[in-house]
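These notes concern the structure reproduced below.
First the proteins, then the strands, lettered A, B, ... as listed; each starts at 1. Because the structure is predicted, anything quoted here is derived from the model rather than measured. Just so it is clear, the values below take in all heavy atoms, side chains as well, and ignore hydrogens, waters and symmetry mates.
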Protein chains: 2
Amino acid sequence: MRIDSFDHAILDALQRDGSMTNAALAEVVNLSASQCSRRRTALEDAGLIEGYSARLSATKLGFGLRAITRVNLRSHGQEDDFSQFIQAHPQVRSAFSVAGDADYVLDIRVRDLEAFADFIHKKLLPHPQVAHVRSEIVLQTLKDRKGLDLMA
Amino acid sequence: MRIDSFDHAILDALQRDGSMTNAALAEVVNLSASQCSRRRTALEDAGLIEGYSARLSATKLGFGLRAITRVNLRSHGQEDDFSQFIQAHPQVRSAFSVAGDADYVLDIRVRDLEAFADFIHKKLLPHPQVAHVRSEIVLQTLKDRKGLDLMA
DNA sequence: CTATCTATGCGCATTTTGTGCATCCTGTGG
DNA sequence: CCACAGGATGCACAAAATGCGCATAGATAG
């Protein structure tokens, strides 16, 4: 599929506000509403738009603590086990296997410090595969772009 | 605002699929469509729903490389300057000031390794405030929950 | 038990969507 | 230079979705 500057603008606009009406989209990108509709479904069908989500307020819902945690595993054969652990625990919002000092980086979201300590000491550290854990607790979010900057 | 189990279910559903119709929502949460509409706008007005976004395919758009980078600053008086730097660079998707080994953690998204090296060596390291940078390059995303797990 | 106040469902007017169709570009071959 | 094919675009309209008024059900307090 070919993406021109119109599609580009549509992607950018919808990323910022996914509830935009085709008419509103039309104003922004200078096309008719119908054409925006067509292009939009094309972008969806092509998989460039994976879907739409409501952004929820983490703080208002009581998820006050966020931490970036690096994990090193003991052996390097049974990662499946650790992966299952991650999937099973909703406190782990995102998880990446990485190249660097650590083996994994986890994005953890919990209610408060107590819940965090609980998770680290009673769940993560006791896991047989886990060798070493280092955390950075988020004090302030300076930037949190949901989605991609298409200009980058 | 009081949030009951209906709101809970609505938030959860909309987080997964923000383009759900009120009728579809109604089926999931066992309410009428009109009531879903009312509750939805209430949740939006209360700020529990911050907005809606289209999720774009990072890979299909050519953002192949992701890295989690920890940054230490030299002094601790002029953070404003570094914050401006972060805001100005779209390669930095998210940025957090943290308590831990590092002062900041950045979530970086770029096209490829070359763009990454470029950013680190030509942009980040030359910044006068930056003392030390350590990166973990993401090999695989094991989990990437957009949004919150309301059960956690 | 009753009065009150909120939550809910139904119906309908308004808005939004998306498709058919005619027109308009764009580039290609004569 | 012109004719033509293919796609992109806008307009119009039918189908769908939204959201508000209104009457009722359910909960709560006295």
Could you pull out the protein-nucleic contacts involving nucleotides 24-28 of chain C (nitrogen or oxygen on both sides, under 3.5 Å)?
none

Check every strand shown and say whether B:S34 touches a base, only sugar-phosphate, or nothing at a heavy-atom separation below 4.0 Å.
base
Would you say A:Q35 and A:S32 make side-chain contact, with heavy atoms under 4.5 Å?
yes
Ordered by number, residues from residues 35-55 of chain A within less than 4.0 Å of DNA chain C (heavy atoms) are A:S37, A:R38, A:R40
What's the shortest heavy-atom distance between B:A33 and B:A26, and which atoms?
N-CB, 3.6 Å
Does A:K60 pair with B:E50 as a salt bridge, N-O distance under 4.0 Å?
no
In Å and rounded to the nearest 0.5 Å, what is the CE to CG distance from B:M1 to B:D4?
8.0 Å
Would you check, one step at a time, whether the test salt bridge (Lys or Arg N to Asp or Glu O under 4.0 Å) holds for A:R74 with A:D103?
CA-CA 10 Å; A:R74 282 182 206 288; A:D103 297 324; over 6 Å; no
side-chain contact (heavy atoms from CB on, under 4.5 Å) partners for B:N30, two or more places apart
none
Under 4.5 Å side-chain heavy-atom separation, chaining through any Ile, Leu, Val, Met, Phe, Trp or Tyr, what else clusters with B:V92? Say none if it is isolated.
A:L142, B:L65, B:V71, B:L73, B:F82, B:F85, B:I86, B:Y104, B:L106, B:I108, B:V110, B:L113, B:F116, B:F119, B:I120, B:L124, B:L125, B:V130, B:V133, B:I137
Base, sugar-phosphate or nothing for B:T21? Non-hydrogen atoms, less than 4.0 Å.
sugar-phosphate
Pairwise side-chain contact, A:S34 with A:N22, heavy-atom cut-off 4.5 Å (strictly under):
no
Between A:D107 and A:R66, does any side-chain N to carboxylate O distance fall below 4.0 Å?
yes
Atom CD1 of B:I3 and atom P of C:dT6: how far apart are they, to the nearest Å?
19 Å
As a quick check of understanding, evaluate side-chain contact (heavy atoms from CB on, under 4.5 Å) for A:I3 and A:L43, giving each step before the final call.
CA-CA 9 Å; A:I3 33 173; A:L43 290 166; 4.0 Å; yes
All heavy atoms of B:R134 vs all of B:D101, minimum pair found to be NH2-O, 4.4 Å
For C:dT16, does either OP1 or OP2 sit under 4.0 Å from a side-chain N or O belonging to A:N22?
no
What's the shortest heavy-atom distance between A:R55 and A:R16, and which atoms?
NH1-O, 3.6 Å
Take the C1' atoms of the five end pairs on each side of the helix from C:dC1-D:dG30 to C:dG30-D:dC1, get both axes, and report the angle to 10 degrees.
30°
Between the side chain of A:H127 and the main-chain N/O of A:Q129, is any donor-acceptor distance below 3.5 Å?
yes
Going 5' to 3' along DNA chain D, which nucleotides are the first and last within contact of chain B (any atom under 4.0 Å from a heavy atom)?
D:dA17 to D:dG21
